[in-house]
Protein chains: 2
Amino acid sequence: MNTLSYGLLSLLSHSPLSGYDLTLRIQPFWPAKHSQIYPLLSQMEKDEQVTFETVAQSDKPDKKVYSITDKGIDSLREWLSEPASAPVLRDELMLKAYCVPLVDPSITRDLFQSRLEYYRNNLQRYEEKIRKIKETSDLDEGEVPAYRDPLFGAYILLNKALMSCRTNIEWCEWVLSAIPQDHT
Amino acid sequence: MNTLSYGLLSLLSHSPLSGYDLTLRIQPFWPAKHSQIYPLLSQMEKDEQVTFETVAQSDKPDKKVYSITDKGIDSLREWLSEPASAPVLRDELMLKAYCVPLVDPSITRDLFQSRLEYYRNNLQRYEEKIRKIKETSDLDEGEVPAYRDPLFGAYILLNKALMSCRTNIEWCEWVLSAIPQDHT
DNA sequence: TTGCACATGTAATAGGTTACATGATTGT
DNA sequence: ACAATCATGTAACCTATTACATGTGCAA
């Protein structure tokens with residue numbers, strides 16, 4: 001049981017999901033490939049943290065839908081009571097930013113322009129998601145789902161994503177404004 | 001030559017540093033332990049990206065001070081011309097946040113209170129650092145070091161750190177305000 | 001004399017990515 | 001036929017952490 005497996009349990013605490021869906025949904029919080037997730041799910045099933053049933057689909061291939069067990073819920077509760085380790089951010093752009101005076105401003109501009117577009121795309125996706133949540137659970141302006149509402153977690157996470165995205169966009173724009181237009 | 005080795009080159013492009021110092025300084029941008037960095041430096045030395053000289057110190061043990069070579073500078077310039085890969089953030093608190101309705105609000109409050117203190121400490125360290133940079137290079141309010149100034153990189157990175165820190169503090173405080181005071 | 005910061009290294013293990021492999025189903 | 005998405009799995013490789021190992025110089 002490593003952090004990733006607790007992450008999978010956390011997702012499964014909301015609803016049963018296939019390994020495929022788990023892989024897609026865990027990306028924003030803890031990036032991992034299916035090659036890491038499928039074997040983990042097997043282990044967790046042996047350890048009785050999860051169960052699965054094979055579900056036949058008419059339009060798509062069969063899938064294995066995993067559900068969290070009571071033992072899994074207990075594991076989650078214990079894990080929540082332990083302090084969370086510090087976040088780990090690895091960003092190539094930060095390493096590059098440190099030595100940009102080595103190259104032409106045009107190179108640096110491209111770097112930050114690409115990153116700006118990356119964050120703008122993310123922002124759009126997140127805004128769409130939060131719009132949907134607000135729609136389906138009709139929340140008033142500034143209102144937050146109740147603490148015991150299963151949507152509470154998704155809501156505060158989406159807000160974090162939005163806030164971080166906006167801050168990063170602001171930073172990229174500020175950096176771009178500090179890069180000279182011509183070859184210096 | 002992986003990302004970490006380019007990161008080391010990036011740091012060395014400003015000034016020569018020991019493996020020990022490199023380990024400390026790269027943490028905010030690309031966390032790595034000395035056990036990963038020392039062998040990498042040996043490889044990079046064999047590959048002529050860096051050179052080192054042993055420096056005797058009277059008050060502390062001897063150290064190996066690494067400098068970037070011209071070949072290393074060329075490598076850096078090429079690397080800067082390639083697009084930067086997407087940032088990777090792994091944060092246990094985000095995984096936990098998703099399933100906090102499973103536990104008492106007091107548990108959740110502790111989680112976010114600790115994280116808030118973590119960010120407040122970081123903010124203080126970053127504010128001190130930027131204060132020192134502004135002091136030594138006497139910048140006016142809102143002024144940014146010139147693009148070719150070696151401090152340009154450090155300055156924009158510190159600003160990113162400050163902005164992110166403040167946003168995260170704001171988020172933690174907002175989440176804490178949404179957690180009920182009593183057992184719900 | 002014990003502990004701490006500085007300083008460098010290797011070995012074993014765990015975590016994560018890339019590549020290989022297969023197959024269903026739908027739409028073009 | 002072909003590409004795209006869905007779906008699951010393994011093998012090889014690379015990256016990163018933890019543990020082991022050693023030693024200096026200083027201060028309490």
Visitor: For the helix from C:dT1-D:dA28 to C:dT28-D:dA1, what angle separates the axis at the start from the axis at the finish, each from five pairs, in steps of 10°?
Guide: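 The helix from C:dT1-D:dA28 to C:dT28-D:dA1 shows an end-to-end axis angle of 20°.
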Visitor: Tell me the interatomic distance from B:Lys33, atom NZ, to C:dA14, atom P, rounded to whole angstroms.
Guide: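 From B:Lys33 NZ to C:dA14 P: 16 Å.
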Visitor: Can you tell me the distance, in whole Å, between the CD atom of B:Glu45 and the C1' atom of C:dT8?
Guide: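 One finds 15 Å between C1' of C:dT8 and CD of B:Glu45, rounded.
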Visitor: Please enumerate all residues that pass side-chain contact (heavy atoms from CB on, under 4.5 Å) together with A:Ser67, with sequence neighbours excluded.
Guide: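 Listed in chain order: A:Pro16, A:Thr51.
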Visitor: Under a 4.0 Å heavy-atom cut-off, which of residues 4-12 of chain B touch DNA chain C?
Guide: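 Residues of residues 4-12 of chain B under 4.0 Å from DNA chain C: none.
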Visitor: Taking A:Leu9 as the fixed residue, which of A:Ile73, A:Thr69, A:Leu76, A:Leu4 is the one that meets the side-chain contact (heavy atoms from CB on, under 4.5 Å) rule?
Guide: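 Looking at A:Ile73, A:Thr69, A:Leu76, A:Leu4, the match for A:Leu9 under the side-chain contact (heavy atoms from CB on, under 4.5 Å) is A:Leu76.
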Visitor: What does the B/S/- profile of nucleotides 6-15 of chain D look like, 5' to 3', with a 4.0 Å heavy-atom cutoff to protein?
Guide: BBBBBB---S
Visitor: With sequence neighbours excluded, give me every ring-ring contact (aromatic ring centres under 6.0 Å, His included) pair touching residues 119-143 of chain B.
Guide: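 Listed by first then second residue: nothing to list.
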Visitor: Report yes if at least one side-chain N or O of A:Arg90 is closer than 4.0 Å to OP1 or OP2 of D:dA16; otherwise report no.
Guide: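 It does, given that an N or O in the side chain of A:Arg90 lies less than 4.0 Å from OP1 or OP2 of D:dA16.
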Visitor: Tell me, please, which residues at least two apart from A:Arg125 pass salt bridge (Lys or Arg N to Asp or Glu O under 4.0 Å).
Guide: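 Once residues adjacent in sequence are excluded, A:Arg125 has no partner under the salt bridge (Lys or Arg N to Asp or Glu O under 4.0 Å) criterion.
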Visitor: Side-chain atoms of residues 28-44 of chain A: list all donor-acceptor pairs with protein atoms under 3.5 Å, sequence neighbours left out, distances to 0.1 Å.
Guide:
residue: A:Ser42; atom: OG; partner: A:Tyr38; partner atom: O; Å: 3.4

Visitor: Taking only residues two or more places apart in sequence, or in another chain, which ones meet A:Lys71 in a salt bridge (Lys or Arg N to Asp or Glu O under 4.0 Å)?
Guide: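 Here the qualifying residues are A:Asp47.
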Visitor: Looking at residues at least two apart in the chain, or sitting in another chain, which of them share a salt bridge (Lys or Arg N to Asp or Glu O under 4.0 Å) with B:Asp21?
Guide: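 Once residues adjacent in sequence are excluded, B:Asp21 has no partner under the salt bridge (Lys or Arg N to Asp or Glu O under 4.0 Å) criterion.
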Visitor: Starting at atom CD1 of A:Ile26, determine the distance to atom P of C:dT17, rounded to an integer number of angstrom.
Guide: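 Value for this atom pair: 12 Å.
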Visitor: Show every ring-ring contact (aromatic ring centres under 6.0 Å, His included) that has at least one partner inside residues 60-97 of chain A, sequence neighbours left out.
Guide: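 Every pair satisfying ring-ring contact (aromatic ring centres under 6.0 Å, His included) with a residue in residues 60-97 of chain A: A:Tyr6-A:Trp79, A:Phe52-A:Tyr66.
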Visitor: Distance-only check: which donor-acceptor pairs under 3.5 Å involve side-chain atoms of residues 149-162 of chain B, not counting sequence neighbours?
Guide:
residue: B:Asp149; atom: OD1; partner: B:Leu151; partner atom: N; Å: 2.8
residue: B:Tyr155; atom: OH; partner: B:Glu143; partner atom: O; Å: 3.3
residue: B:Asn159; atom: ND2; partner: B:Tyr155; partner atom: O; Å: 3.2
residue: B:Lys160; atom: NZ; partner: A:Asn168; partner atom: OD1; Å: 2.9

Visitor: Of all residues at least two apart in sequence or in a different chain, which pass the side-chain hydrogen bond (donor to acceptor under 3.5 Å, both in side chains) check with B:Thr108?
Guide: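 Here the qualifying residues are A:Tyr147.
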